[in-house]
Amino acid sequence: QVQLVESGGGLVQAGGSLRLSCTTSGRTFTTYAMGWFRQAPGKEREFVAAISRSGVPTYYADSVRGRFTISRDNAKNTVYLQMRSLKAEDTAVYYCAITGWATDLREASRYDYWGQGTQVTVSS
């Protein structure tokens, strides 16, 4: 059984930064691509960023490109989402997910296991 545990969420002012972490266990981390998704109240879950098994390439939603950076540390079985220049519209529950697929990483249906989510609130 794969477990994913997110951390690093919180309350931040607009323009600020946060770094989310997601640590996995139960599978060989390096054989899986990882993704971050988010869900705001009353909205559907949406893709944020994804990273391939090796760390290259990476993928971003247009709304976060240039502000967010996804990275992974395979030695620590951890994927990160560095978020900068945060906006009120970034407020959401952020989820990490793991997939054995190497393509279509923007699609939530590709992911096999999900974390419990971490709340990010950006005050304007």
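Contact check for V48 versus F68: side-chain heavy atoms found under the 4.5 Å cut-off. Using a 4.5 Å heavy-atom threshold, the side chains of R84 and L86 count as separate. Proximity of T58 to V56: side-chain heavy atoms (C-beta onward) are nowhere separated by under 4.5 Å. Annotation: side chain of T91 is not in contact with side chain of V120 (no heavy-atom distance under 4.5 Å). Using a 4.5 Å heavy-atom cutoff, the side chains of L20 and Y80 are not in contact. Between S63 and R38 there is a side-chain heavy-atom pair separated by less than 4.5 Å. Using a 4.5 Å heavy-atom cutoff, the side chains of R67 and D90 are in contact.
Taking every heavy atom of both residues into account, L4 and C96 meet most closely at CD2-SG, 3.6 Å. Heavy-atom minimum distance, A40 versus A92: N-CB, 3.8 Å. The two residues Y94 and M83 have their closest heavy-atom pair at CE2-SD, 3.9 Å. Closest approach of R110 and T99 over heavy atoms only: O-OG1, 2.7 Å.
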* To do: Test I70 against W36 for side chain to side chain contact (heavy atoms under 4.5 Å, CB included), laying out the working first.
  => CA-CA 8 Å; I70 189 170; W36 286 97; 3.6 Å; yes

* Could you please spell out the steps behind the side chain to side chain contact (heavy atoms under 4.5 Å, CB included) verdict for V12 and T121? => CA-CA 6 Å; V12 64; T121 302; over 6 Å; no

* To do: Any chance you could lay out the salt bridge (Lys or Arg N to Asp or Glu O under 4.0 Å) test for R65 and D62, step after step, and finish with the verdict?
  => CA-CA 5 Å; R65 187 175 291 112; D62 290 342; 2.6 Å; yes

* Mind running side chain to side chain contact (heavy atoms under 4.5 Å, CB included) on M34 and R72 for me, showing each step along the way? => CA-CA 9 Å; M34 302 292 297; R72 63 190 295 162; 4.0 Å; yes

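In the hydrophobic clustering (ILVMFWY side chains linked at under 4.5 Å, chained through shared members), L105 is joined by F37, F47, Y59, V93, Y95, Y111, W114.
For the residue pair T78/T23, the side-chain donor-acceptor check at 3.5 Å is satisfied.
Heavy atoms of other residues, nucleotides or ligands lying less than 6.0 angstrom from CD of Q3 number 12 at most.
Using modelled atom types, one side-chain atom of S52 and one backbone atom of P57 make a donor-acceptor pair closer than 3.5 Å.
In this structure, CD1 on I98 lies 8.0 Å from SG on C22, to the nearest 0.5 angstrom. We find the OG-CD distance between S25 and Q1 to be 9.5 Å, quoted to the nearest 0.5 Å. Note that CG of L81 and OG1 of T118 are 11.0 Å apart. Values are rounded to the nearest 0.5 Å. Remark: Q116 CD to E6 CD distance equals 4.5 Å, nearest 0.5 Å. With rounding to the nearest 0.5 Å, the separation of OH in Y32 from OG1 in T24 is 10.0 Å.
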